[in-house]
Amino acid sequence: MAGDTLSSTDYIKHHLQNWTWGQHPDGTWGFAHSAEQAKEMGFWAIHVDTMLWSILLGVIFLWMFRKAAKTATAGIPVGFQNFAEWIVEFIDTSVRGSFTAKNNLVAPLAMTVFVWIFLMNLMDLVPVDWLPSLAQWVGATFFGADPRHVYFKVVSTTDPNATFGMAFAVFFLVLYYSIKIKGIGGFTGELTLQPFSSRNMVIQAIFIPINFLLEFVSLIAKPISLALRLFGNMYAGEMIFILIAIMFSGGIVIGAFGGLLQLGWAIFHILIITLQAFIFMTLTIVYLDMAHHEH
Amino acid sequence: MNINLTLLGQTITFIVFVWFCMKFVWPPIMNALEERKKKIADGLAAAERGAHEQELAEKRAAEVLHKAKQQAQDILAQAQKRASEIIEESKGTAREEGKRIIIAANAEIEQEANRAREELRGQVASLAIAGASKVLKREVDAAANEDLLKDLVAQL
């Protein structure tokens, strides 16, 4: 990378820092030049790289599938339409398997979750230095920025904002459908009247807070575990790629060994990125299914 | 690593993507798939119907063939019968015709013989007269003896 004088720690830190735009403590708006500055910006800052890559990949996904959808006919499918239909069929089977109520939102939601997360995860397979180095070169050449101040995180799912953003949207839908299907009374009852219940009114009154504590924790655990599982897996995977990338500066033997490791980890990572996208999708479907049923 | 406005941005982006997918991507592809499923089902049903129809047609064709064979046999038998009948008939006709021809021939022969006999009788009569006139050495009036002569001829 451009800053050859950086130590390994700095290299890793640099790789884990998002390109942040927000309000500096002194009131001016601009890009953060360091992790400390990004931290000082607090909540009113935005990760430009996360937004850029997630929107770019989402648009690519929707654009390609929209193109397939426009030409989709009952005749013989050709080219990309085959692939799009295969994905749609796969999602449809998954949704039919786990979702028993009727809701036109769930299948497209599941497809967006799966393909979008898969594409964002896929960026993990691009060698860790390529795109950040390109960004540093562009930043230094065209915008006169200090290369060390250009941060560029390519994998959006290694940003907890992205995973929590999706998980919260799913959680919001779970709450919405819980209340819509079961009513406020039914949903409150689900949170307070089980798993413990009694005929005796006094004992029931004691059970209510206990039930609420248990059920509330399990309810809140849904979006948090959903977001953290994806984030944790991708973050750890990215970290290992970064650690392997450090080996490339350790001479030809260690570098070659690093190359081998990177290849192995990338191949293994293909499984992880697909699996994580699939798990996120399946859990989304299951949570929404639970929201549609009394249990 | 900081939680910030990106969270909201990602949520909104996600919702927009899901909305777009739900409105413009999922329904057309799903419709096409359903339509194709229906088309294939229809095609299979039509194929089955066709196979069934073919079976029926084959059965019908076999029936028709069988009937035609039987008819042909009938016709052949009839023709044979008719032929032998004709032969018998013509045999009969020929026999009768032969008989008739024989009878006619016999009649003609008899007629011929009768005529010859008549002629012979006439000649004998004139010979007898000539002989008698020679014997009598005088002219016998043939006209006066006409009745006599006729009697003689009749007796011959």
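A, B, ... follow the sequence lines: proteins, then strands. Residue 1 opens every chain. Below, all heavy atoms of this structure are taken into account, side chains as well, without hydrogens, waters or symmetry copies.
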**Request:** Walk me through it: do B/W26 and A/L105 pass the test side chain to side chain contact (heavy atoms under 4.5 Å, CB included)?
**Result:** CA-CA 10 Å; B/W26 187 267; A/L105 169 72; over 6 Å; no
**Message:** Whether the side chain of A/N161 engages the backbone of B/N4 through a donor-acceptor N/O pair (distance < 3.5 Å, no angle test) should be reported.
**Reply:** yes
For [X], which atoms come within 4.5 Å of any heavy atom of chain B: side chain, backbone, both, or neither?
X: A/F164; answer: both
X: A/M51; answer: both
X: A/N104; answer: backbone
X: A/V48; answer: neither
X: A/T73; answer: backbone

**Prompt:** Angle class for the A/W116/B/F17 ring planes (parallel below 30°, perpendicular above 60°, tilted otherwise)?
**Reply:** perpendicular
With rounding to the nearest 0.5 angstrom, report the [atom1] to [atom2] distance, [X] to [Y].
X: A/F65; Y: B/F20; atom1: CZ; atom2: CZ; value: 12.5 Å
X: A/F168; Y: B/I15; atom1: CZ; atom2: CD1; value: 12.5 Å
X: B/M30; Y: A/I91; atom1: CE; atom2: CD1; value: 11.0 Å
X: A/E85; Y: B/L33; atom1: CD; atom2: CG; value: 4.5 Å

**Message:** To check you understand the geometry: which heavy-atom pair defines the closest contact between B/Q10 and A/S54, and what is its length?
**Reply:** NE2-OG, 2.8 Å
**Request:** Compare every heavy atom of B/I29 with every heavy atom of A/A72, then report the nearest pair and how far apart it is.
**Result:** CB-CA, 4.4 Å
**Request:** Using a cut-off of under 4.5 Å on heavy-atom pairs, state which of B/T13, B/I12, B/T11 scores highest against chain A.
**Result:** B/T11
If you count the non-hydrogen atoms of other residues, nucleotides and ligands that lie under 6.0 Å from [atom1] in [X], is the total more than 12?
X: B/Q78; atom1: CD; result: no
X: B/I86; atom1: CD1; result: yes
X: A/F80; atom1: CZ; result: yes

**Prompt:** Hey, are the side chains of B/L5 and A/W21 touching, using non-hydrogen atoms and a 4.5 Å cut-off?
**Reply:** no
**Asked** Mind checking whether B/P28 and A/R66 have side chains closer than 4.5 Å, heavy atoms only?
**Response** yes
**B/T6/A/T20 under side chain to side chain contact (heavy atoms under 4.5 Å, CB included): CA gap, chis, key distance, verdict** = CA-CA 9 Å; B/T6 317; A/T20 315; over 6 Å; no
**Item:** Chi angles and distances behind the side chain to side chain contact (heavy atoms under 4.5 Å, CB included) call for B/V25, A/M111
**Value:** CA-CA 10 Å; B/V25 176; A/M111 183 162 88; 3.6 Å; yes
**Request:** For side chain to side chain contact (heavy atoms under 4.5 Å, CB included), just list the numbers for A/V170 and B/F14, CA-CA rounded to whole Å, side-chain angles, deciding distance to a tenth of an Å, and then say yes or no.
**Result:** CA-CA 10 Å; A/V170 170; B/F14 179 58; 4.3 Å; yes
**Asked** Pick from A/A74, A/A107, A/G165, A/A84: which one has the most heavy-atom pairs with chain B under 4.5 Å?
**Response** A/A74
